[in-house]
Amino acid sequence: QVQLVESGGGLVQAGGSLRLSCAAAGRTFSNYAMGWFRQAPGKEREFVAAISCPGGNRFYADSVKGRFTLSRDNFKNTVYLEMNSLKPKDTAVYYCAARGVPFATATMAQYDDWGQGTQVTVSS
């Protein structure tokens with residue numbers, strides 16, 4: 001099991017930027033694929049982005065492609081989600097997730113460990 005702690009959320013105006021971080025502890029981070037998901041009020045949790053380990057393969061939901069960038073630092077046991085050109089519809093709680101195999105996936109059920117989430121609010 002790996003423990004995940006997200007940070008970096010907050011309130012930002014439309015068009016602004018935020019960088020979310022997810023710090024991992026517990027096992028060999030570089031063996032884990034990592035993902036970000038989000039859940040808006042009244043909606044189901046949805047895939048945002050994922051990155052394989054050690055980090056050569058990453059992919060994004062169509063809704064964030066070109067605006068969000070996912071990266072990982074295996075020495076710091078941290079993944080980062082750089083979010084630019086934010087829109088009000090990006091408002092959600094953002095969750096970091098870890099998968100105990102190297103291959104990333106957009107399927108929520110295939111992730112083993114989850115963080116508590118960090119709130120992102122984008123005002124219009």
Side-chain angles (χ1 to χ4, degrees):
Q1 188 176 10
V2 61
Q3 291 78 44
L4 304 171
V5 178
E6 302 97 334
S7 62
L11 173 64
V12 64
Q13 288 188 333
S17 299
L18 283 174
R19 187 174 83 155
L20 305 184
S21 299
C22 174
R27 288 199 175 179
T28 307
F29 176 74
S30 59
N31 292 340
Y32 281 71
M34 302 295 294
W36 282 94
F37 295 78
R38 66 186 182 186
Q39 188 166 17
K43 295 188 177 181
E44 293 186 352
R45 195 171 297 188
E46 65 176 7
F47 169 74
V48 175
I51 188 168
S52 63
C53 63
N57 184 37
R58 67 200 75 188
F59 51 96
Y60 302 89
D62 288 343
S63 59
V64 306
K65 201 172 294 182
R67 300 188 297 122
F68 291 12
T69 302
L70 180 57
S71 61
R72 65 189 295 161
D73 185 333
N74 292 328
F75 293 103
K76 295 183 177 179
N77 289 357
T78 303
V79 291
Y80 303 98
L81 184 67
E82 186 76 35
M83 305 186 296
N84 298 314
S85 302
L86 283 162
K87 306 174 181 179
K89 65 180 181 179
D90 294 317
T91 295
V93 178
Y94 283 70
Y95 297 91
C96 175
R99 186 171 188 235
V101 295
F103 310 107
T105 175
T107 304
M108 192 165 56
Q110 294 181 347
Y111 285 84
D112 305 302
D113 301 295
W114 292 80
Q116 294 298 308
T118 185
Q119 176 71 48
V120 171
T121 303
V122 184
S123 63
S124 57

Exercise. With rounding to the nearest 0.5 Å, note down the distance linking CD in Gln116 to OG in Ser7.
Key: 13.5 Å
Quiz item: Side chains of Leu81 and Arg19: closer than 4.5 Å at any heavy-atom pair?
Solution: no
Practice problem: Let me see the working for Val120 and Leu18 under side-chain contact (heavy atoms from CB on, under 4.5 Å), right down to the final yes or no. | Solution: CA-CA 9 Å; Val120 171; Leu18 283 174; 3.9 Å; yes
Quiz item: Can you tell me if Tyr60 uses its side chain to pair, donor with acceptor, with the backbone of Leu70 under 3.5 Å?
Solution: yes
Quiz prompt | side-chain hydrogen bond (donor to acceptor under 3.5 Å, both in side chains) involving Gln119 - partner list, sequence neighbours excluded | solution = Thr121
Exercise. Check for a donor-acceptor pair, side chain of Glu44 on one end and backbone N or O of Gln39 on the other, with a separation under 3.5 Å.
Key: no
Quiz item: Side chains of Ser124 and Lys87: closer than 4.5 Å at any heavy-atom pair?
Solution: no
Practice problem: Would you name the heavy atoms of Leu4 and Ala98 that are closest together and state the gap between them? | Solution: CD1-N, 3.7 Å
Quiz prompt | side-chain contact (heavy atoms from CB on, under 4.5 Å) partners of Ser17, counting only residues at least two apart | solution = Asn84
Self-check item: Those residues that, when tested against Arg67, pass salt bridge (charged side-chain N to carboxylate O under 4.0 Å, His left out) (two or more places apart)
Solution: Asp90
Quiz item: Is any side-chain heavy atom of Thr118 closer than 4.5 Å to a side-chain heavy atom of Val93?
Solution: no
Quiz item: Within the side chain of Glu6, is there an N or O that forms a donor-acceptor pair under 3.5 Å with the backbone of Cys96?
Solution: yes
Quiz item: Donor-acceptor pair, Thr91 side chain versus Val122 backbone, under 3.5 Å?
Solution: yes
Practice problem: Could you tell me whether the side chain of Asp112 and the main chain of Gly100 form a donor-acceptor pair under 3.5 Å? | Solution: yes
Exercise. Could you give me the CA-CA distance, side-chain angles and deciding distance for Thr105 and Gln110, then say whether side-chain hydrogen bond (donor to acceptor under 3.5 Å, both in side chains) is met?
Key: CA-CA 7 Å; Thr105 175; Gln110 294 181 347; 3.0 Å; yes
Exercise. Any pair with a residue in residues 94-124 that passes ring-ring contact (aromatic ring centres under 6.0 Å, His included), sequence neighbours left out, goes on the list, sorted by first then second residue, please.
Key: Phe37-Tyr111, Phe37-Trp114
Practice problem: Could you tell me which residues satisfy side-chain hydrogen bond (donor to acceptor under 3.5 Å, both in side chains) with Lys65, sequence neighbours excluded, listed by chain and number? | Solution: Asp62
Quiz item: Are side-chain heavy atoms of Tyr32 and Asn74 found at a separation under 4.5 Å?
Solution: no
Quiz item: Does the pair Asp113 and Arg99 meet the rule for a side-chain contact (heavy atoms from CB on, under 4.5 Å), with working shown?
Solution: CA-CA 7 Å; Asp113 301 295; Arg99 186 171 188 235; over 6 Å; no
Return all side-chain donor-acceptor pairs below 3.5 angstrom for residues 46-56, not counting sequence neighbours, or 'none' if the list is empty.
{"from": "Glu46", "atom 1": "OE2", "to": "Arg38", "atom 2": "NE", "distance (Å)": "2.7"}
{"from": "Glu46", "atom 1": "OE2", "to": "Arg38", "atom 2": "NH2", "distance (Å)": "3.2"}
{"from": "Ser52", "atom 1": "OG", "to": "Asn57", "atom 2": "N", "distance (Å)": "3.1"}
{"from": "Ser52", "atom 1": "OG", "to": "Asn57", "atom 2": "O", "distance (Å)": "3.2"}

Quiz prompt | Connected via hydrophobic side-chain network under 4.5 Å: Tyr80 and Trp36 | solution = no
